[in-house]
Protein chains: 2
Amino acid sequence: MICKLTKKRQRILSIINGSSVPLSAGDVHALLKKAVNLATIYRGLHYLELQHRIEGFTILCTREGAVRYYFKKENPHLHFIHCEVCHTFSPFRGCLREKLMNKIASELDYSIHSHVLYLTGVCGSCKRSN
Amino acid sequence: MICKLTKKRQRILSIINGSSVPLSAGDVHALLKKAVNLATIYRGLHYLELQHRIEGFTILCTREGAVRYYFKKENPHLHFIHCEVCHTFSPFRGCLREKLMNKIASELDYSIHSHVLYLTGVCGSCKRSN
DNA sequence: GTCAATTTGCAAATCATTCGCAAATTAATA
DNA sequence: TATTAATTTGCGAATGATTTGCAAATTGAC
């Protein structure tokens, strides 16, 4: 009975892997045209994150409130900056994992499982159209 | 009519500034012995964050769910690592603001307002008591 | 003190997320 | 390919942190 990466979970994974920006459970639901139940999407995203097939972070934004977003796993690690005006995400390169690892190793007796980093600000076009 | 930093908000600020770890609205409420209404604490924390007197991040943890935590503003900037087993936070030094600024400046046309960074892992004593 | 503006307490509402359970699907086996 | 036990799914209801509406209390300016 090892039937874990089911068809529906594969569809969810494809959606995440096909997106250049982080997606919420509701986003995935909409992109799948509601062919998959929302609760199933939540469970699928949990499963995929637990399997380390996707990554996620929870952000509080003025328009959406507190929502968890998921994005594809890449190497080097992706991070995002969120525009406070138009509420879009842009990826940026430059993962700091190694520096963080060194910091922690020298300062604290922890084993690191994940690091969450995102920025907020105002994107170029919102700056200009202000 | 500029009566913004009221006594209750000052009490909230004192609680945050007096803590070495991030606190949720509920934590502040408990520490104030429920002398201040929970809704007032939520509003106070919003106000203080908007005034850049405190900082915050929203984290999803297996025990508490998605909760927003607030912590004191320091220079250099504080960040935290969260133990997935005992659910405590530990501060660590080594803010990456400057490196991030340089990254963004060279890659994207954004102005950065804030950066959220936290780590998750397992702390030393939980590693050993496993 | 008076007054207009702001803040607070209370209870109800909100909303992303989770959960219970029966039906459907899956994978292993005969 | 039928059987079966385990897992997953859909649906609706529940959860729980956070927000909101409104009347009462507090604030700062005069």
Side-chain angles (χ1 to χ4, degrees), chain A residues 1-16 22-51 53-71 82 87 89 116 118, chain B residues 1-16 22-51 53-71 82 87 89 116 118:
Chain A
M1 309 67 269
I2 302 111
C3 48
K4 288 294 205 157
L5 186 58
T6 60
K7 285 177 193 166
K8 302 207 169 182
R9 287 175 180 170
Q10 285 173 31
R11 294 184 70 183
I12 295 169
L13 181 58
S14 298
I15 294 281
I16 297 293
L23 300 174
S24 67
D27 293 335
V28 175
H29 190 224
L31 286 167
L32 283 172
K33 306 274 167 63
K34 306 186 179 178
V36 179
N37 185 274
L38 186 53
T40 301
I41 290 174
Y42 275 103
R43 286 184 281 225
L45 290 168
H46 283 174
Y47 165 77
L48 293 168
E49 189 176 20
L50 212 61
Q51 297 291 311
R53 287 171 167 278
I54 60 176
E55 305 198 56
F57 61 90
T58 300
I59 189 174
L60 177 67
C61 117
T62 53
R63 189 175 71 184
E64 306 294 330
V67 176
R68 187 155 186 88
Y69 287 88
Y70 298 89
F71 60 98
H82 180 250
H87 300 284
F89 287 96
V116 170
Y118 62 83
Chain B
M1 327 46 284
I2 303 111
C3 47
K4 289 294 206 157
L5 186 60
T6 61
K7 285 175 193 166
K8 303 207 167 180
R9 287 175 180 169
Q10 285 171 33
R11 294 183 69 183
I12 296 169
L13 181 58
S14 298
I15 294 282
I16 297 292
L23 300 174
S24 67
D27 293 336
V28 175
H29 189 224
L31 287 168
L32 283 172
K33 306 274 166 62
K34 306 186 178 178
V36 179
N37 186 274
L38 186 54
T40 301
I41 290 175
Y42 275 104
R43 285 185 282 226
L45 290 168
H46 283 172
Y47 165 78
L48 293 168
E49 189 175 21
L50 210 62
Q51 297 291 312
R53 287 171 167 278
I54 61 177
E55 306 197 57
F57 60 91
T58 300
I59 189 173
L60 178 67
C61 115
T62 53
R63 190 176 69 184
E64 304 294 329
V67 175
R68 188 156 185 87
Y69 287 89
Y70 297 90
F71 60 98
H82 179 251
H87 300 284
F89 287 96
V116 170
Y118 62 83

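Here the structure is a predicted model, which is why all the values come from computation and not from measurement. Protein chains get the first letters and strands the later ones, always in sequence-line order, with residue 1 at the start of each.
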**Request:** Look at all strands and tell whether B:H29 reaches a base, only sugar-phosphate, or nothing, counting heavy atoms closer than 4.0 Å.
**Result:**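 Here B:H29 touches no strand at all.
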
**Message:** At 4.0 Å (heavy atoms only), tell me whether A:R43 reaches a base, stays on the sugar-phosphate, or touches nothing.
**Reply:**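 Result for A:R43 = base.
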
Interatomic distance, [X] [atom1] vs [N] [atom2] [rounded to whole Å]:
X: A:K8; N: C:dA24; atom1: NZ; atom2: C1'; result: 9 Å
X: B:L38; N: C:dA12; atom1: CG; atom2: C1'; result: 14 Å
X: B:I41; N: D:dT20; atom1: CD1; atom2: P; result: 17 Å
X: A:R63; N: C:dC15; atom1: CZ; atom2: C1'; result: 16 Å
X: B:L23; N: D:dT18; atom1: CG; atom2: P; result: 13 Å
X: B:R11; N: C:dG9; atom1: CZ; atom2: P; result: 10 Å

**Request:** Please find out if less than 6.0 Å separates the ring center of A:Y69 from that of A:F89.
**Result:**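 Judged by ring-centre distance (under 6.0 Å), A:Y69 and A:F89 do meet the cut-off.
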
Residue-phosphate contact under 4.0 Å: [X] side-chain N/O, [N] OP1/OP2:
X: B:Y42; N: D:dT19; result: no
X: B:T40; N: C:dG9; result: yes
X: A:N37; N: D:dC11; result: yes

Quick one: does [X]'s side chain get under 4.5 Å of [Y]'s, heavy atoms only?
X: B:H82; Y: B:Y118; value: no
X: B:R68; Y: B:L45; value: no
X: A:H29; Y: A:Y42; value: no

**Asked** Taking the nucleotide of DNA chain D with the closest heavy atom to each, which residue, A:A66 or A:G44, is nearer the 5' end?
**Response**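 It is A:G44, whose closest nucleotide lies nearer the 5' terminus.
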
